[in-house]
Amino acid sequence: ELSFGTFNKNNKDIELTIDSRLQKVAYDELMTQIKKWNAKKGVAIVLNSNNGEILALASPPSYDPNEYWKYSPNLFREWSVQDLFEPGSVFKPINLLVALEEGVINPYGTVFDSGSVNVGGWKLKNWNHKANGLMTYPRVLQVSSNVGMVNIMKNLSPEDYWKWLKKLELDQMPSTDLPGAIGGQIKEKSIFLSQPIHQAVASFGQGFSITPLKLAQLHALIANGGKLVQPHITKDFLLSKSYPSENNQIINPVNTKIVLEWMESVVDSGSGKGVKTPGYRIAGKTGTADKSENGFKYTSKICSFVAILPVNKPKFVVVVAVDEPTENYAYGSTVAVPVAQKIIDSLLVLEKIPPEI
């Protein structure tokens, strides 16, 4: 009998949602990039955004469970559900969704990016230290403008912003059958409201932390029209749950469709063009986030990419993150996108997703 965490049944009866073929592709491609970029570790998650089924969950480097004593205990952690990271730019679409939902921006508006912005005595800049001028919101995602995001999210009151971080359940343990899953960390309300810098850095995905699994769940919300699904790897997980239910519809589907199309422009003419596939509409967002050491000094980075496909009938979310690449020119577009591209190629074939004619 299995009796830890969520599992409480005879292990011979457990049927997983994992597709072993997709799992192998994800693992092998991640290992290739980890070696190429001399990185610490990586993760890839493929999630069915409609029902929460996980088709792939790879987190190399791994170990042989038949000879576990030969490996470092550090490898035993499933960091996709147990380790926190500041998501960075892959969180920007979530912020734009919140801004649309609160009505502080309209879909056809613009924002000005002068290259830097002063917030409470702190000078915040874009990743490439360049100004982008007057931009549409899709363009903000395409060039991944930090300054643009700060100027957008300052239209939202700090109180409302903090409420949304809670509503999206960033600090809660997700409802899942994956043992050891943890909630994220956000600033205490009094701290978040006390200084404008906290809202400013949150606008481009820094100053709070989540797991890769949570990131997948949040982007599934964009894909499925505004519902928080329950990520799971066992087939009968939903039998004991009340999903789908009315209370997990937290975003207007009209707004998720708008943000999804903005994310598609990132693949068509932005940093995600490495996953562009003839005949298919794919949405995405890259991220190159700073990692803090002991919560203070930023000393390394994590490169990530999130894809949603197909845009015409969204069903799958692909999350790729590579931790602490040490070679030069390591960005989400150079490190994570190639892994996602290989996974997407396989996913289209295995799931028999027809091209749009």
Side-chain angles (χ1 to χ4, degrees), residues 81-105 111 113 116-127 140 145-176 180-219 221-222 226 228 247-252 255 259 287 289-302 304:
V81 301
Q82 293 180 311
D83 285 8
L84 299 175
F85 75 110
E86 295 182 43
S89 294
V90 285
F91 198 82
K92 286 174 181 173
I94 309 297
N95 276 323
L96 288 175
L97 198 55
V98 168
L100 280 169
E101 196 76 4
E102 285 293 312
V104 297
I105 61 171
V111 64
D113 170 4
S116 67
V117 59
N118 271 297
V119 180
W122 299 83
K123 190 174 186 179
L124 303 175
K125 298 179 181 179
N126 290 323
W127 64 274
V140 170
S145 166
N146 290 346
V147 175
M149 288 303 305
V150 172
N151 288 335
I152 288 168
M153 297 309 289
K154 72 181 181 185
N155 295 316
L156 185 65
S157 76
E159 173 95 22
D160 287 340
Y161 197 176
W162 192 85
K163 281 179 182 174
W164 268 104
L165 297 180
K166 294 289 285 186
K167 190 173 183 177
L168 292 167
E169 301 179 1
L170 294 198
D171 59 340
Q172 291 184 38
M173 188 185 91
S175 178
T176 181
I182 62 170
Q185 292 180 346
I186 60 175
K187 297 281 192 302
E188 288 181 25
K189 185 177 181 180
S190 59
I191 295 173
F192 190 83
L193 302 186
S194 66
Q195 296 180 27
I197 188 64
H198 298 306
Q199 183 173 352
V201 295
S203 74
F204 50 86
Q206 304 271 179
F208 64 91
S209 54
I210 56 176
T211 62
L213 183 73
K214 183 64 185 182
L215 181 63
Q217 186 199 38
L218 289 170
H219 279 271
L221 179 142
I222 295 176
L228 278 178
N247 62 2
N248 62 5
Q249 178 79 45
I250 61 171
I251 303 275
N252 187 328
N255 291 329
V259 173
D290 292 324
K291 281 185 65 182
S292 63
E293 186 179 336
N294 300 323
F296 295 103
K297 189 179 177 185
Y298 286 105
T299 56
S300 55
K301 58 187 172 182
I302 184 164
S304 58

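Residues: numbered from 1 along the sequence shown. Keep in mind it's a predicted model, so treat the numbers as computed, not measured.
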Inset, instruction - Rounded to the nearest 0.5 Å, what's the gap from CG on L228 to CD1 on I250? Could you check? - result: 4.0 Å
Inset, instruction - Check step by step if side chain to side chain contact (heavy atoms under 4.5 Å, CB included) holds for L84 and T211. - result: CA-CA 5 Å; L84 299 175; T211 62; 3.6 Å; yes
Legend entry - Beyond-backbone contact of H198 with I191, side-chain heavy atoms, under 4.5 angstrom: yes
Inset, instruction - Say whether, by atom type as modelled, one donor and one acceptor occur between the side chain of Q206 and the main chain of D290 under 3.5 angstrom. - result: yes
Legend entry - Beyond-backbone contact of V147 with N126, side-chain heavy atoms, under 4.5 angstrom: yes
Legend entry - salt bridge (charged side-chain N to carboxylate O under 4.0 Å, His left out) involving D83 - partner list, sequence neighbours excluded: K41, R77
Legend entry - Residue from N155, V98, D160 passing side-chain contact (heavy atoms from CB on, under 4.5 Å) with V104: N155
Legend entry - Non-hydrogen atoms of P87 and S304 that approach each other most closely: O-OG, 4.2 Å
Legend entry - Heavy-atom pair of closest approach, residues V150 and A200: CG2-O, 3.6 Å
Legend entry - Any residue meeting salt bridge (charged side-chain N to carboxylate O under 4.0 Å, His left out) with K167, in chain and number order, not counting sequence neighbours: none
Legend entry - Residue pairs involving residues 188-212 (criterion salt bridge (charged side-chain N to carboxylate O under 4.0 Å, His left out); sequence neighbours excluded): E159-K189
Inset, instruction - Indicate yes or no for a side-chain donor-acceptor contact from N95 to the backbone of A202 under 3.5 Å, with no hydrogens or angles considered. - result: yes
Legend entry - Main-chain N/O of V90 paired to H219 side chain as donor or acceptor, under 3.5 Å: yes
Legend entry - Donor-acceptor pair between W164 and E102 side chains, under 3.5 angstrom: yes
Inset, instruction - Look up atom CD1 in I197 and atom CG in N118, then write down how far apart they are to the nearest 0.5 Å. - result: 9.5 Å
Legend entry - Stepwise side chain to side chain contact (heavy atoms under 4.5 Å, CB included) check, V111 with M149: CA-CA 9 Å; V111 64; M149 288 303 305; over 6 Å; no
Legend entry - Considering all heavy atoms, the nearest Q82-G180 contact: CG-O, 3.2 Å
Inset, instruction - Check K187 against W162 and note the closest heavy-atom contact, atom names and distance. - result: O-NE1, 3.1 Å
Legend entry - Rounded distance (nearest 0.5 Å) linking atom CZ of F208 with atom CD of E86: 8.0 Å
Legend entry - Minimum heavy-atom distance between L213 and P174, given as atom pair plus value: CD2-CG, 4.0 Å
Inset, instruction - May I ask you to check whether over 12 heavy atoms, not counting those of Q172, lie within 6.0 Å of atom CD? - result: yes
Inset, instruction - I would like to know whether Q217 and K214 meet side chain to side chain contact (heavy atoms under 4.5 Å, CB included); could you show each step before the answer? - result: CA-CA 5 Å; Q217 186 199 38; K214 183 64 185 182; 2.7 Å; yes
Inset, instruction - Could you tell me the separation between the NZ atom of K166 and the OH atom of Y161, rounded to the nearest 0.5 Å? - result: 15.5 Å
Legend entry - Separation of M153 CE from I105 CD1 (nearest 0.5 Å): 8.0 Å
Legend entry - Euclidean distance, S209 OG relative to L170 CG, rounded to 0.5 Å: 9.5 Å
Inset, instruction - Could you tell me whether a side-chain N or O of Q249 sits under 3.5 Å from a main-chain N or O of I251, the two making a donor and an acceptor? - result: yes
